[in-house]
Amino acid sequence: MSDESLAPTAEAVLVHLCRSVVSSPDDVSVEASEVGDQRIRFDVTVNKDDMGRVIGRRGRVASAIRTVVGAAGAKDGVSTEVEFVE
Amino acid sequence: MTEWIETTSKTVDEAKELALDSLGIDNADAEFEIVEEPRQGLFGRTRGQARVRARIAPQSTRVKEERGRRRRKPRSSNAEEKQSEHGSGSSRQGQRESKDSTRRDTDSSRDGGGKARESKRQRQRTKSPRSSSRKRSESPKKEDASMEEVSACVESFLSGLVDAFDIDTNVVIDTSNDEINAQIEGKHGLLLGPKARTLDAIQELTRVTAQRSVPSSIRIKVDVGEYRQLRRASLQGFARDAGTKALEDGVEVVLEPMSSADRKIIHDELNEFDGVHTRSAGTDPRRRVVVVPDAPRSEVESDEESSDPVGDAD
C-alpha cells in the first residue's frame, strides 16, 4: 500500500469493500496517487476472475464502491476517483 | 452479464421482489421465470415455497414484446415445446429463449469457438436452472445459508466498514420477521450521504457481499440512525396527500421519480387508500408512480403494468 497519508479513510474503506465482494481477497491491492488539488486516484488491482465482481451488473457494484469511497474521502478532505485494473 | 438468480419465498410476488432486490434492478429491467409456484408438497424444504428465477433483461425492448406474448400464452402448446426442446431443452425458458439459442447454434456453426461454448452453456443452464444458479453464486456448499450465517456476515462486513471509516459506533442486527435489519447506530451523515445515496450504496454492497459468501433468500436492510423509518413515515404521508388530491380533483397525479424501494412504499400505502389505485410509468432512473382515481376517467388502466402492451410501464 502506498503513502498512507494521502487519504487513509478512503483507502481503508476501499480495501475493505473490495476484499468483501471478491472471492480472492488476498489478490486485492490498491495504489493511491495524487492527481490534482485534493484529488486522489485509486487504482485497484484484483484477481482477473474477480473483475466482474467488483464491477457488477451494469457497473452497480463499482458505482456503489465509488459512492462509499467518496464519502470516506470527504472525511479525509479529498475527492476520489476509483479505477479497477486487472 | 445476464446471470440468473433464484429466489424463494412464500409467494411468487415476494420472491420476485426479493430477486429485484438482490439484482438491484427495477421490475421493468427484469425477466422472470416462475420455477415453482407455492404449493403443498409432501417432502423437502420447498414445500409451500414460490421459486422464481430472474435476471436482467438482455434487451428491454425485445423482452417487452416477448414477455407480453408469453403472458398471453402462458402454456405453449405441446408441439411448440417439442420444437424448442432441441433448441433450449426446456419450455420453461419460453419461446424467446429457445429461439435465441437456436440462433446461436447456427451462429456457432459459422464462427465456432466462443459462441459454441456459449450456446452449450445456455442449454445446460436451461436444463438445470437450480444447479447453475448455485454454481454462479460462488459458494457451492449450501443452497441456502442460515439466518445466523447471513447475519454474522452482514455484521462483520458493516463492523469492518465503520472501522475503516474510523467511526465509533455500534452495529445492531435485528433478525426478527425473517429478515435482517442492520442498524448503524447514531446520526452519521457521512454514512447517509445526499439523498441517502451513500446508505443505499452501503446496503447494496452489504447485499452483494452476503449473497456471494452466504447465498440465501433472506432480505437484508441497512439503516443509519433511524433514517429509513423516518423516510418511510414521510413518504406515507406524501402518498396519502397525493391520494387525496387525485380523489378530489379526479385526475391522475404523477409523482416525482423515485427508487423502487420508495415507490413500493407509495404503492403499499395507497393500496389501502379507497378510491384510487397506482401504477408506475417510465423507465428506471426516472420511473415514477402515477396515482389514478378509480372513478371518473373512462380509460381503464391495467394494474398489471407488464401485461399492458400500450402502457409505457416497461
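Letters go in sequence order (proteins before strands), and every chain restarts at 1.
Ranked by heavy-atom pairs under 4.5 Å with chain B, the first of A:A72, A:A12, A:A71, A:G52 is A:A71. Contact count against chain B (heavy-atom pairs under 4.5 Å) is highest for A:V13 among A:V13, A:I65, A:T67.
In this structure, no portion of A:L14 lies under 4.5 Å from any heavy atom of chain B. In this structure, chain A has no heavy atom under 4.5 Å from any part of B:T206.
Using a 4.0 Å cut-off between charged side-chain N and carboxylate O, A:R39 and A:E81 make a salt bridge.
When all heavy atoms of A:A10 and A:T80 are compared, the closest pair comes out as CB-CG2, 4.1 Å.
Checking A:D76 against A:T9 by side-chain atom types alone, a donor-acceptor pair falls below 3.5 Å.
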Where do A:N47 and A:D27 land on the side-chain hydrogen bond (donor to acceptor under 3.5 Å, both in side chains) test, with the steps shown first? CA-CA 6 Å; A:N47 189 300; A:D27 292 349; 2.6 Å; yes
